[in-house]
Asks: 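Okay, here's the structure, questions in a sec.
Scope of the values below: all heavy atoms of this structure, side chains included, with no hydrogens, waters or symmetry mates.
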Amino acid sequence: MKHGPYQASVLDDVLTPPEPGPEEPGKKLSGTCGSDCAALRLQDEAASRDGFPAKYGEAHDTKRGPQHNAALCDVHAGPQFPAEDALTQRIHFTEPGSLQFTKHKTDFGKVFTSKHGKDDEQAPAYSQKRAAILWLGGWSMPPTVFRDVRRELAEFRHFTADFGSADSPQAIADSVRRLVLSLRTREPGDEQRDQAPSYPLLIAGWSLGGLLAMRLASEGLADGLVLLGTTACFVRQPAESLLGWPPDSVQAMFPALHEDAERVLRQFRRLMFTKEERRDGLDGCLPGESGWSVPGLIAGLELLAAEDVRGRLPDIHCPVLLIHGTHDKVCPYGAALEIQSGIPQAVLVEASGCGHVPFLQKERQTAEKIRSWWNDSPER
């Protein structure tokens, strides 16, 4: 892929959202991004399935700002676009269909709000239906970011993919596909049968991982999807400013990664959180080390820049759960509405006031939503 010229001022605009008040220092990543491990590393993290999940401390309830009238204002747009009237702005898109969505109000009194009109009942402590879950992470994030939410779902069998050392976008996509096929096709006589899921396979994808998950599901390789802060197409033209990032902003990151990857990652981590979340120290709860090599970061970014699964959404027929932060500046909330429009059976859950990591320090609420959704999902 040919990358455009880099300008430092452009990168600052891309990765540092305009906010009032003094600039806060980003959290510095420890260690280096280099890694000699394979492009994909399967980790079987099967938990005991003979009892209830261990109890953990109550999830942190991040303090929120004042009441906000619209879920899709300039706060939720991608970088470098001007703010627009929060009361009149509409989302316009034509793929996969011509349906248009008007912004709707967000209930800031709750962290998660279901958009299917069901009463928000207390979820059971233990799932009635078993499943294996393959966790696919976001760009520059290690698999350990899912550690606590996996612990809250101890009755499920967990697998994670680590593609931070891939050398090309195709290597990432091919490795994940091979992994999914291996999990689905192992025969009972396989010597590694203890690692194979003996029940349905859910694919949980966050951000970049969600793009991969949707493509796999469109090929019939998933029994269910959990999509966290993701998008069906990351790079958007200005007319779709509430759905993603402009091409120039993404292109500016490539030479910046070659020049100073640590700086890019610090600024990107800052962008993942709202001002209130950073004030409450939520950014400090991310794993300290990225674990991604610079070639891996570039490969992942190239995949984000090129991948577009909007046309594949109608081919996804499995149950789908969407959990998306209403203040996400990486994958704007409008992207979740677009996915829901293309997958009629999708259940959309708002993470009110949250940024790009809606499950962080809300692992228990996230696990309860996944558990109750899966229990209510029809068998395939």
Asks: I'd like to know if the side chain of E277 and the backbone of G355 have a donor-acceptor N/O pair within less than 3.5 Å.
Replies: yes
Asks: Are E240 and R310 close enough for a salt bridge, meaning some N to O gap below 4.0 Å?
Replies: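 A salt bridge links E240 with R310.
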Asks: Using modelled atom types and a 3.5 Å cut-off, is there a donor and acceptor pairing between side-chain atoms of R278 and backbone atoms of F273?
Replies: yes
Asks: Looking only at heavy atoms, what is the nearest atom pair of W245 and S249, with distance?
Replies: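 Scanning both residues, the minimum pair turns out to be CE3-CB, 4.4 Å.
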Asks: What heavy-atom pair brings G342 and P344 nearest, and what distance separates the two atoms?
Replies: O-CD, 3.6 Å
Asks: Heavy atoms only: give me the nearest L136-F163 pair and the separation to one decimal.
Replies: CD2-CE2, 4.3 Å
Asks: What is the distance from atom CD1 of I370 to atom CZ of F156, rounded to the nearest 0.5 Å?
Replies: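 I370 atom CD1 to F156 atom CZ measures 8.0 Å (nearest 0.5 Å).
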Asks: Would you sort out whether R184 and L221 count as a side-chain contact (heavy atoms from CB on, under 4.5 Å), showing the intermediate values?
Replies: CA-CA 8 Å; R184 295 187 66 88; L221 297 178; 4.3 Å; yes
Asks: Roughly how far, to the nearest 0.5 Å, is OG of S341 from CG of L348?
Replies: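 Output value for this atom pair is 11.0 Å.
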Asks: Is there a side-chain contact between V226 and I133, using heavy atoms and a 4.5 Å cut-off?
Replies: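 Counting from C-beta outward, V226 and I133 never come under 4.5 Å.
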Asks: Walk me through it: do H327 and E276 pass the test side-chain contact (heavy atoms from CB on, under 4.5 Å)?
Replies: CA-CA 11 Å; H327 284 51; E276 290 76 21; 5.7 Å; no
Asks: With side-chain contact (heavy atoms from CB on, under 4.5 Å) as the test, would you mind laying out the steps for R151 and R147 before giving the verdict?
Replies: CA-CA 6 Å; R151 287 177 177 173; R147 180 191 59 193; 3.6 Å; yes
Asks: Step by step, work out the side-chain contact (heavy atoms from CB on, under 4.5 Å) result for L265 and L297.
Replies: CA-CA 10 Å; L265 295 185; L297 290 168; 4.0 Å; yes
Asks: Please report the closest heavy-atom contact between G353 and T274, naming both atoms and the distance.
Replies: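 Heavy-atom minimum between the residues: O-CG2, 3.7 Å.
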Asks: Who passes side chain to side chain contact (heavy atoms under 4.5 Å, CB included) against A299, sequence neighbours left out?
Replies: P169, I172
Asks: Is there a donor-acceptor contact under 3.5 Å from the side chain of K129 to the main chain of S377?
Replies: yes
Asks: Check whether any side-chain heavy atom of L153 sits under 4.5 Å from a side-chain heavy atom of F146, and report yes or no.
Replies: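 No. Closest side-chain heavy atoms not under 4.5 Å.
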Asks: Out of curiosity, C233 SG to L313 CG, how far, rounded to the nearest 0.5 Å?
Replies: 10.5 Å
Asks: Mind checking what makes side chain to side chain contact (heavy atoms under 4.5 Å, CB included) contact with T231, not counting sequence neighbours?
Replies: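 In terms of side chain to side chain contact (heavy atoms under 4.5 Å, CB included), with neighbours along the sequence ignored, T231 is linked to F234, R236, C331, A335.
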Asks: Nearest 0.5 Å, please: how far is CG in L322 from CD in E338?
Replies: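 So the CD of E338 and the CG of L322 are separated by 11.5 Å.
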Asks: Quick one: are L211 and L303 in side-chain contact, heavy atoms under 4.5 Å?
Replies: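 The answer is no, as the side chains (C-beta and beyond) never meet within the 4.5 Å cut-off.
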Asks: Tell me, do Q345 and P378 make a side-chain contact under 4.5 Å, heavy atoms counted?
Replies: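 A side-chain contact under 4.5 Å is absent here.
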Asks: Just how far is it from atom CG of D328 to atom OG of S207, taken to the nearest 0.5 Å?
Replies: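 OG of S207 is found 7.5 Å from CG of D328.
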Asks: Identify the heavy atoms of R150 and P143 that sit nearest to each other, and give their distance.
Replies: NH1-O, 3.3 Å
Asks: Test: ring pair (Phe, Tyr, Trp, His ring centres under 6.0 Å). Region: residues 201-220. Which pairs qualify, not counting sequence neighbours?
Replies: W206-H356, W206-F359
Asks: Filter on side chain to side chain donor-acceptor pair (under 3.5 Å), then keep only pairs touching residues 133-142, sequence neighbours left out; what's left?
Replies: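 Counting only pairs at least two positions apart or across chains, the side chain to side chain donor-acceptor pair (under 3.5 Å) contacts touching residues 133-142 are W135-H158.
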Asks: Test your reading of the model: is there a side-chain donor-acceptor pair from E302 to the backbone of F254, 3.5 Å cut-off?
Replies: no
Asks: Measure from the side-chain N and O atoms of D223 to the backbone N and O of L201, and report whether any donor-acceptor pair falls under 3.5 Å.
Replies: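 Here the side-chain-to-backbone pair exists.
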Asks: Any salt bridge (charged side-chain N to carboxylate O under 4.0 Å, His left out) involving residues 207-216? Give me the pairs, sequence neighbours left out, ordered by first then second residue.
Replies: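 Those involving residues 207-216 are R215-E307.
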Asks: Would you name the heavy atoms of P246 and V235 that are closest together and state the gap between them?
Replies: C-CG1, 4.3 Å
Asks: Under a 4.5 Å cut-off applied to non-hydrogen side-chain atoms, are T230 and M214 in contact?
Replies: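 With C-beta onward as the side chain, the pair touches.
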Asks: Just verifying a value: how many Å separate S372 OG and L321 CG, rounded to the nearest 0.5 Å?
Replies: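 Result: 8.0 Å between the selected atoms.
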Asks: Within a strict 4.5 Å, meaning less than it, do heavy atoms of the M141 and M272 side chains meet?
Replies: yes
Asks: What I'd like to find out is whether the side chain of D260 reaches to under 4.5 Å of the side chain of V264, using heavy atoms alone.
Replies: no
Asks: Do Q361 and D280 have side-chain heavy atoms sitting under 4.5 Å apart?
Replies: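 No, their side chains stay 4.5 Å or more apart.
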Asks: Return the set of residues passing side chain to side chain contact (heavy atoms under 4.5 Å, CB included) with T144 (not counting sequence neighbours), or none when no residue passes.
Replies: P142, P287
